[in-house]
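Have a look at the structure below, then the notes.
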There are 2 protein chains.
Amino acid sequence: MASVESQSSSKQHKRTRIIDASIEVFAEKGFRGARISDIARKAEVADGTIYLYFRNKEDVLLCIFEEKMEEILAVLHARLDGIEDPFERLQAFAATHFQLLRDHPALAQVFQVELRQSHRFLREYRPEKLWQYLQVIEEIVREGQETGALRADLDPFLVKWAIFGALDELSIQWVLARKRERFNLDRAASQVVEVFVGGMANRSNTSKVGRKP
Amino acid sequence: MASVESQSSSKQHKRTRIIDASIEVFAEKGFRGARISDIARKAEVADGTIYLYFRNKEDVLLCIFEEKMEEILAVLHARLDGIEDPFERLQAFAATHFQLLRDHPALAQVFQVELRQSHRFLREYRPEKLWQYLQVIEEIVREGQETGALRADLDPFLVKWAIFGALDELSIQWVLARKRERFNLDRAASQVVEVFVGGMANRSNTSKVGRKP
DNA sequence: TCCCACTGAATGAGGATTCAGCCCTTACCG
DNA sequence: CGGTAAGGGCTGAATCCTCATTCAGTGGGA
């Protein structure tokens, strides 16, 4: 289990301190509301120092994404390693996804909310690391189809987005509603995966999905 | 079928012209990139006039949301009216959702991308109209459970977010990838609903969902 | 002494927002 | 009727404010 989010201490390299401080500040004040001087203060660094390590404020946000995604991908692969069954793999994927959120609330806020306010992130940037993350889902589905466990008529490309969308929306709502205590992430994970898995499972015995007459 | 998006003509009330122009400009340049003067020019109105009808730039965005959601809700209810079967209702929900996107590409961009850059929309604002929209899903699930068509062990609250998340993510990707022609929305709608419906259906004959041994 | 990572006050851009009139419409009056 | 005044919607150039970003200078280490 990689660190993903480390403690900000004046011992560390300034770049690391700036990244960690940014996560906190972005989470607390939002990307726009966060001032460079806020980040600098929290990182115990001068405003100008930030520009020695990052092109500009948005670059800080994108670097958070790049670097934390790297660690997250490592965690994810470690977790999935050795699991063969596609249902269990999907279960593990969702569990890991939600566990990371829970363990790193500030980072979760940044990923689920603030990152999406970056014009560049949405319009120009190619978040390769996110594609890699999502590709894991697509692979699981594809392999399940090859072994015959999953319906072959589903488009893994679309299913990937649907599953990610479901997990992502639950994540967002958890982040936004955290204080109001509405979400039970574990329950969410298992129910979502159960529904998807149930709906994707190959049932050769029924031509039409079991409807009520 | 309400208008949802009307033509900007200098005959209309200025407020309407401003709303319509904003949708176009926000869609084209993004919320941040859109200047008040751009909107004013497109609406054939002076910069200052906008402030006679809206508190500020963000207020314009939120008013777009409020007013267009109102129309969308009307369309949705008209479509669902008369359909009883929960599976068909869900099918109709998804179809309507995607059809609105396709028919109003600029509005789709605003809803799927720009609106989410509004700090206020995400953090403080209570988008009642969105809750109403989502509540429709929750109701469908709940009713399906009452008639026994759907598994009773699923939490309609969570399922609502999962379904919405899946539709929403596909919508976002369609909006972002539109030019690159990757998404087939109809296929997406039917596959997603099929999977969800398959996964939520009450199958009393199988204790465990059909797994491969 | 030289080097260079670092500092933080000063700068400047970029637009959102304001507001002092303008002018069109309507009402009233001679 | 023609003329005048009041009212209010509208205008758009000028203002103003906020930070992100810069860069001349500092000081600690080799």
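Proteins come first, then strands; the chains are lettered A, B, ... in the order of their sequence lines, and each starts at number 1.
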Exercise. Which pairs with one or both residues in residues 107-117 of chain A pass salt bridge (Lys or Arg N to Asp or Glu O under 4.0 Å), sequence neighbours excluded?
Worked result: A:E114-B:R123, A:R116-A:D168
Seminar exercise, completed: For B:D153, the side chain to side chain contact (heavy atoms under 4.5 Å, CB included) test, sequence neighbours excluded, returns A:E194, B:R151
For this session: Would you please name every residue forming a side chain to side chain contact (heavy atoms under 4.5 Å, CB included) with B:L73, sequence neighbours left out?
Result: B:H77, B:K129, B:Q132, B:Y133
For this session: Scan B:F54 against the nucleic acid and name what it touches under 4.0 Å (heavy atoms): base, sugar-phosphate only, or nothing.
Result: nothing
Sequence-distant partners of [X], salt bridge (charged side-chain N to carboxylate O under 4.0 Å, His left out), two or more places apart:
X	answer
B:E143	none
B:R32	none
A:K160	A:E138
A:E67	A:R15

Seminar exercise, completed: B/S/- along nucleotides 11-30 of chain D (protein heavy atoms under 4.0 Å) is BB------SSBB--------
Seminar exercise, completed: Closest non-hydrogen atoms of A:K14 and A:V45, given as atom of the first, atom of the second and distance, are CD-CG2, 3.8 Å
For this session: Using five pairs at either end of the helix from C:dT1-D:dA30 to C:dG30-D:dC1, determine the angle between the two local helix axes and round it to 10 degrees.
Result: 20°
Exercise. Which residues satisfy the ring pair (Phe, Tyr, Trp, His ring centres under 6.0 Å) test with B:F121, sequence neighbours excluded?
Worked result: B:F65, B:Y125
Seminar exercise, completed: The complete set of ring-ring contact (aromatic ring centres under 6.0 Å, His included) pairs with one or both residues in residues 15-47 of chain A, sequence neighbours excluded, reads A:F26-A:F31
Exercise. Taking any atom under 4.0 angstrom from a heavy atom of chain A, which nucleotides of DNA chain C are the first and last to qualify, 5' to 3'?
Worked result: C:dC6 to C:dG8
